[in-house]
Amino acid sequence: MSGSSVTGQTVVITGGAGFIGSHLADALVETNDVIVLDDLSTGARENVPDGATFVKGDVRDPATVAEVTDGVDLIFHEAAVVSVEQSIDEPEFCHDVNFDGTLQILEAARREDARVVFASSAAIYGEPTSLPLTESEPVAPQSPYGIDKCSADQYLRTYHDLYGLETVALRYFNVYGPRQTASDYSGVISIFREQAQAGEPITVDGDGTQTRDFVHVADVVQANLRAATTEHVGTAYNVGTGEETSIRTLAETTQRVTDSDSPIVHRDPRPGDIAHSRADVTKARQRLGYEPSVSLEDGLATLVGE
Ligand code: NAD
Ligand code: UD1
């Protein structure tokens with residue numbers, strides 16, 4: 001799906017210099033007036049496409065947010081501290097960015113009567129009672145990150161119900177793809193790939209039987225574009241693939257597709273880690289017309305070829 005379904009709008013992408021936000025900016029920049037707000041804490045200026053206006057600033061700062069959102073039609077709110085592990089190390093800082101930052105964006109949207117599409121997370125579900133996870137699964141987050149995403153997700157619905165704001169929360173599962181950089185707090189695919197290509201041990205936390213639903217960033221962009229125009233607002237959608245992969249299998253697949261001699265080593269399990277995760281995407285399929293299109297095997301192969 002191209003960016004052509006969203007045209008002629010003034011669009012703010014918070015976190016638009018980051019992994020997911022910059023792919024969204026790419027999809028929108030040709031047919032819209034795109035403004036990226038990012039503090040470059042993990043993002044990179046060079047990820048922002050030519051033609052987009054870049055503002056270096058913090059989503060927690062009301063004056064910056066007011067200036068950037070003046071006259072906006074549509075806001076994609078991607079800026080956040082994305083690591084579950086970092087939120088356990090630094091709960092107060094993560095709460096400020098992930099919760100207070102989101103409230104700043106919602107208030108700006110209320111002033112401007114702008115639509116907000118929010119990067120929510122599968123982390124809000126915590127340990128599932130059954131799989132696959134539907135949106136009606138009870139929320140039971142088990143990390144500060146999950147709690148803040150959960151509150152923000154509920155705030156979006158409430159801003160729709162109370163103020164008539166057009167809001168959509170997209171509950172991303174585990175997103176991967178080009179421009180996801182490896183660091184201690186990055187997504188597992190970027191870490192395993194870097195380890196394998198450097199010939200370093202691939203570090204599996206715990207026994208590696210924990211599972212995730214890995215979704216390619218192209219499909220996440222697709223879901224965002226559809227959420228930007230749907231009439232079904234004031235609600236949340238899972239964005240995954242419906243497939244589940246264990247971390248041990250991921251490590252072995254990474255070894256194979258990178259043709260790496262790296263050994264797989266096991267470390268202690270990660271505190272607050274979720275054992276299993278797999279999306280039911282029926283709601284997004286039916287109401288948004290979302291269709292996941294990239295298999296993990298193909299997605300990993302493309303990454304390695306980069
Ligand atoms: P990322 O770290 O690449 O992107 C986040 C961006 O936000 C970065 O460019 C960073 O510099 C910016 N940022 C952070 N704090 C900021 C602040 N206070 N003010 C302004 N900008 C700030 O990570 P990503 O994977 O692209 O994540 C994008 C969004 O998707 C996040 O909200 C994340 O929680 C959510 N999400 C990601 C995944 C995943 O698997 N990657 C899954 C579920 C949800
Ligand atoms: C990820 C996202 C989070 C998102 C959530 C949605 C990142 C950094 N986190 O969290 O923003 O909201 O998905 O489901 O993108 N692991 C290893 N070895 C490593 C690193 C990780 O075994 O070197 C394991 C972890 O213990 C965990 C799994 O891989 O079991 C996934 O970890 P991670 O990529 O950090 O993602 P989540 O915590 O699921």
Side-chain angles (χ1 to χ4, degrees), residues 13-24 36-45 47-48 55-61 64-65 68 76-88 93-94 96-98 100-102 104-105 118-125 133 141 143 145-146 148-149 152 170-177 179-192 194-195 201-215 217 220 224 238-240 245-248 250-251 264-279:
I13 306 175
T14 72
F19 161 48
I20 299 169
S22 65
H23 285 281
L24 252 179
V36 165
L37 172 63
D38 200 300
D39 70 354
L40 300 183
S41 50
T42 59
R45 176 67 182 87
N47 286 342
V48 179
V55 177
K56 183 168 188 281
D58 195 317
V59 288
R60 292 171 293 175
D61 177 32
T64 304
V65 170
V68 166
F76 294 96
H77 180 42
E78 305 297 312
V81 177
V82 309
S83 165
V84 173
E85 207 174 0
Q86 187 176 359
S87 82
I88 292 169
F93 167 63
C94 292
D96 284 353
V97 177
N98 293 358
D100 293 340
T102 303
Q104 290 296 335
I105 294 300
F118 169 60
S120 184
S121 167
I124 75 172
Y125 296 119
L133 283 151
S143 63
Y145 173 91
D148 287 324
K149 285 286 179 184
L170 296 178
R171 297 175 178 169
Y172 305 162
F173 280 64
N174 287 59
V175 190
Y176 72 99
R179 294 186 207 145
Q180 188 174 37
T181 47
S183 74
D184 287 351
Y185 286 136
S186 296
V188 63
I189 286 186
S190 61
I191 293 174
F192 282 3
E194 189 164 284
Q195 290 170 336
I202 299 175
T203 52
V204 171
D205 297 337
D207 63 8
T209 55
Q210 69 271 32
T211 58
R212 292 294 187 274
D213 181 336
F214 292 104
V215 57
V217 67
V220 174
N224 273 277
N238 287 342
V239 178
T245 304
S246 78
I247 300 303
R248 175 80 202 187
L250 177 71
I264 295 174
V265 297
H266 288 263
R267 309 188 291 203
D268 289 341
R270 207 169 73 178
D273 198 35
I274 289 163
H276 297 290
S277 179
R278 174 160 62 97

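In listed order, ligands and their atoms are each counted from 1.
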Nearest non-hydrogen protein atom, [atom]:
{"atom": "atom 3 (O) of ligand 1", "value": "Phe19 N, 2.8 Å"}
{"atom": "atom 2 (C) of ligand 2", "value": "Val82 O, 4.0 Å"}
{"atom": "atom 14 (C) of ligand 1", "value": "Ser41 OG, 3.2 Å"}
{"atom": "atom 34 (O) of ligand 1", "value": "Tyr145 OH, 2.7 Å"}
{"atom": "atom 36 (N) of ligand 1", "value": "Tyr172 CD1, 3.5 Å"}
{"atom": "atom 31 (C) of ligand 1", "value": "Glu78 O, 3.0 Å"}
{"atom": "atom 14 (O) of ligand 2", "value": "Asn174 OD1, 2.8 Å"}
{"atom": "atom 8 (C) of ligand 2", "value": "Tyr185 O, 3.3 Å"}
{"atom": "atom 26 (O) of ligand 2", "value": "Asp205 OD2, 2.8 Å"}
{"atom": "atom 33 (C) of ligand 1", "value": "Val82 CG1, 3.5 Å"}
{"atom": "atom 11 (O) of ligand 1", "value": "Asp38 OD1, 2.6 Å"}
{"atom": "atom 21 (N) of ligand 1", "value": "Asp39 N, 3.1 Å"}
{"atom": "atom 6 (C) of ligand 2", "value": "Ser121 OG, 3.4 Å"}

### Summary
Out of Thr42, Thr64, Asp58, the nearest non-hydrogen contact to atom 18 (N) of ligand 1 is supplied by Asp58
### Query
Taking the minimum heavy-atom distance to atom 18 (N) of ligand 2, which of Thr203, Asp273, Val239 ranks first?
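Looking at heavy atoms only, Thr203 sits closest to atom 18 (N) of ligand 2.
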Just by distance, no angles: are the side chains of [X] and [Y] close enough, under 3.5 Å, to form a donor-acceptor pair?
{"X": "Asn238", "Y": "Tyr125", "answer": "yes"}
{"X": "Arg179", "Y": "Ser22", "answer": "yes"}
{"X": "Ser246", "Y": "Gln210", "answer": "no"}

Test of understanding: given a 4.0 Å heavy-atom threshold, classify the contact between [X] and ligand 1 as side chain, backbone, both, or neither.
{"X": "Ser120", "answer": "backbone"}
{"X": "Phe173", "answer": "backbone"}
{"X": "Val97", "answer": "side chain"}

### Task
Would you mind listing which atoms of ligand 1 come within a distance below 4.0 Å of any non-hydrogen atom of Leu40?
11 (O)
#### Entry: Atoms of ligand 1 close to Asn174 [distance to a heavy atom under 4.0 angstrom, numbered from 1]
40 (O)
### Task
Flag Gln180 as yes when one of its N or O atoms lies below 3.5 Å from any N or O atom of ligand 2, and as no otherwise.
no
### Message
With respect to Val188, determine whether any N or O atom, backbone or side chain, lies less than 3.5 Å from an N or O atom of ligand 2.
### Response
yes
### Message
I'd like to know if Gly187 contacts ligand 1, where contact means a heavy-atom distance under 4.0 Å to any ligand atom.
### Response
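Contact absent.
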### Presence of salt bridge, Arg278 and Asp213, under 4.0 angstrom
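Looking at Arg278 together with Asp213, the answer is no, because their closest N to O distance does not fall below 4.0 Å.
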### Task
Would you check whether Leu37 has a nitrogen or oxygen atom less than 3.5 angstrom from a nitrogen or oxygen atom of ligand 1?
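No, there is no polar N/O contact under 3.5 Å.
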#### Entry: Sub-3.5 Å N/O-N/O distance, Ala79 and ligand 1
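Min N/O separation from ligand 1 is not below 3.5 Å for Ala79.
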### Query
Does ligand 2 have an atom that lies less than 4.0 angstrom from a heavy atom of Ser277?
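No; Ser277 lies far enough from ligand 2 that no heavy-atom distance drops under 4.0 Å.
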### Query
Among Leu24, Thr14, Val36, Ile105, whose side-chain contact (heavy atoms from CB on, under 4.5 Å) with Phe76 holds?
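By the side-chain contact (heavy atoms from CB on, under 4.5 Å) criterion, Phe76 pairs with just one of Leu24, Thr14, Val36, Ile105: Leu24.
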### Task
Tell me which part of Lys149 gets within contact of ligand 2: side chain, backbone, both or neither, using heavy atoms under 4.0 Å.
neither
### Task
Give the contacting part of Phe192 toward ligand 2: side chain, backbone, both or neither, where contact means a heavy-atom distance below 4.0 Å.
side chain
### Query
Taking C-beta and beyond as the side chain, do Ser277 and Phe173 meet within less than 4.5 Å on heavy atoms?
yes
### Query
Judged by atom type as modelled, is there a donor-acceptor pair below 3.5 Å linking the side chain of Asn174 to the main-chain atoms of Arg212?
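A pair under 3.5 Å: no.
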